[in-house]
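The structure under discussion appears below in the form of structure tokens.
Indexing begins at 1, ligand by ligand and atom by atom, following the structure's order. The figures here come from the full heavy-atom set of this structure, side chains too, leaving out hydrogens, waters and symmetry mates.
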Amino acid sequence: MKKIILTGDRPTGRLHVGHYAGSLRRRVQLQDSGEYDEIYIMIADAQALTDNFDNPEKVRQNIVEVALDYLSVGLDPNKSHLFIQSMVPELTEMTFYYNNLVTLSRLERNPTVKNELQLRGFQDSIPVGFLTYPISQTADITAFKATVVPVGEDQLPMLEQAREIVRKFNSTYDEVLVEPQVLLPDNKACLRLPGTDGKAKMSKSLGNCIYLADTPEDVKKKVMSMYTDPDHIKVEDPGKVEGNAVFTYLDAFSTQEHFEKYLPDYKNLDELKEHYMRGGLGDVKVKKFLNNVMQEVLEPIRERRHKWEADIPAVYEILKEGSRVAQAKAAETLAEMKAAMKINYFDDGALITEHVNKYR
Ligand code: ATP
Ligand code: MG
């Protein structure tokens, strides 16, 4: 069986270091490993409209931002098809048929959706499109017969839903669809990177992000005002590293080389943590180190972005070509699905013969 990747992001804002830790970094590694036959990276504009239907301009403006972020982290259009969801209408058609395979109560149980409904204040008036976006996400994954979906932890319930729909479709109709495997980051800190405010998740919707495209000055400002341990007031006080966003970011991004280069007094992160917990290590020193780490991680990304920013027509051309390839692949899968569902009337010679015989 072919090894195929599908993953993507909503064009609701620029991408941030949470996306990088949770998914983008891994995607680039997988892309460059050469182990995958096909890679599809989707800008989920139709999904973004499920909770931004009244703000299409926001979605429209952010498509190119997300595309620039993709190219700047090292996604390579020669290896990965970068495409726009709404340019592949087959996905909407698949969603329509998958709707029949899922119950309302199953959708309402999805913990991520529950959480997001609350965040958006939708509890009393839930848009049907938003509640059902996990179904549409199943179409996104299955249209490409994705075997692997590299995402952050918040996507686990979506993948579970997708696998259920695949099983239901295959057992009801025919073995057409492929059950996708989720690929979570192996670094625990990256599963769900907290916001700079210490909140559980860095998220575009919460305004607690360090963006990949932030200037060095902005990154520094954000790092230096990050949430740490509120009880660590004086330098001598023992501090907590658990739930301390600064240390979580160090877990996610710092390497041995960073210590050698910027903080040679400490052998590694464990030693730094021990000192912090013992007391006698100030937040400012740790934050300055984190700033150096983040600058080093973000510098090449920022540089690559500037190069692509100088050639926006090329970026649109990449999306157009990626969408063309994606659409062709989705159309193939949809044709197989329709044959399995027996709604391929004009392609089915046997059906016509059957009816000829019936009226002979
Ligand atoms: P929105 O608030 O509009 O939902 P978002 O910041 O949650 O935006 P998405 O586009 O929904 O971003 O998520 C894209 C991908 O990035 C998903 O795979 C998701 O798991 C991952 N991701 C998003 N935020 C984080 C985070 N803080 N830590 C790890 N992974 C994340
Ligand atoms: Mg999200």
Measuring from the heavy atoms of Leu191, does anything fall under 4.0 Å of ligand 1?
-> yes
Mind checking whether Thr12 contacts ligand 1 via backbone (N, CA, C, O), side chain (CB onward), both or neither, at a 4.0 Å heavy-atom cut-off?
-> side chain
Where is the tightest heavy-atom contact between Ile5 and Pro150, given as atom of each residue plus distance?
-> CG2-CD, 3.7 Å
Nearest neighbour of atom 7 (O) of ligand 1 from the list Gln155, Lys201, Arg27, Glu116, on a heavy-atom basis | Lys201
Would Thr12 and Lys204 count as having a side-chain donor-acceptor pair, cut-off 3.5 Å?
-> yes
Name the closest protein heavy atom to atom 9 (P) of ligand 1, giving the residue it belongs to and the distance to 0.1 Å.
-> His19 NE2, 3.9 Å
Polar-atom distance check: Pro150 versus ligand 1, any N or O pair below 3.5 Å?
-> no
Is Glu217 paired with Lys220 through a side-chain N to carboxylate O contact shorter than 4.0 Å?
-> no
Protein residue, atom and distance nearest to atom 14 (C) of ligand 1, heavy-atom basis | Asp9 OD2, 3.1 Å
Before accepting this row, confirm whether a basic side-chain N of the pair Arg324/Glu321 lies closer than 4.0 Å to the acidic partner's carboxylate O.
-> yes
Quick one: do Asp9 and Arg27 make a salt bridge, cutoff under 4.0 Å?
-> yes
For atom 2 (O) of ligand 1, find the nearest protein heavy atom and state the residue, atom name and distance (0.1 Å precision).
-> Ser205 OG, 2.5 Å
Do any N/O atoms on Asp154 end up under 3.5 angstrom from N/O atoms on ligand 1?
-> yes
Numbered atoms of ligand 1 (with element) below 4.0 Å of Arg192, judged on heavy atoms = 28 (N), 29 (C)
For Gly22, counting its heavy atoms only, list the atoms of ligand 1 lying under 4.0 Å from any of them.
-> 29 (C), 30 (N)
NZ/NE/NH1/NH2 to OD/OE distance under 4.0 Å, Asp51 and Arg10 = yes
Looking at Glu160 and Arg109, does any basic side-chain N land under 4.0 Å from a carboxylate oxygen?
-> no
Are any of the side-chain nitrogens in Glu309 or Arg305 under 4.0 Å away from the carboxylate oxygens of its partner?
-> yes
Have a look at ligand 1 and work out which part of Val151, if any, has a heavy atom under 4.0 Å from it: side chain, backbone, both or neither.
-> both
Which one holds for Cys190 and ligand 1: side chain close, backbone close, both close, or neither close, with close meaning a heavy atom under 4.0 Å?
-> backbone
Where does Lys204 meet ligand 1, judged by heavy-atom distances below 4.0 Å: at the side chain, the backbone, both, or neither?
-> both
Hey, does Ser203 sit under 4.0 Å from ligand 1 if you only count heavy atoms?
-> yes
Nearest non-hydrogen protein atom to atom 30 (N) of ligand 1, with distance, is Gly18 O, 3.4 Å
Should you measure from each heavy atom of Gly152, which atoms of ligand 1 turn up under 4.0 Å away?
-> 18 (O), 19 (C), 20 (O), 30 (N)
Can you name the ring-ring contact (aromatic ring centres under 6.0 Å, His included) partners of Phe259, sequence neighbours left out?
-> Phe289
Check ring-ring contact (aromatic ring centres under 6.0 Å, His included) between Phe130 and all other residues, then give those that pass, not counting sequence neighbours.
-> Phe122, Tyr133
Sub-3.5 Å N/O-N/O distance, Leu193 and ligand 1 | yes
To which protein heavy atom is atom 4 (O) of ligand 1 closest, and what is the distance rounded to 0.1 Å?
-> Arg10 NE, 3.1 Å
Below 4.0 angstrom, N of the basic side chain to O of the carboxylate: do Lys273 and Asp251 qualify?
-> yes
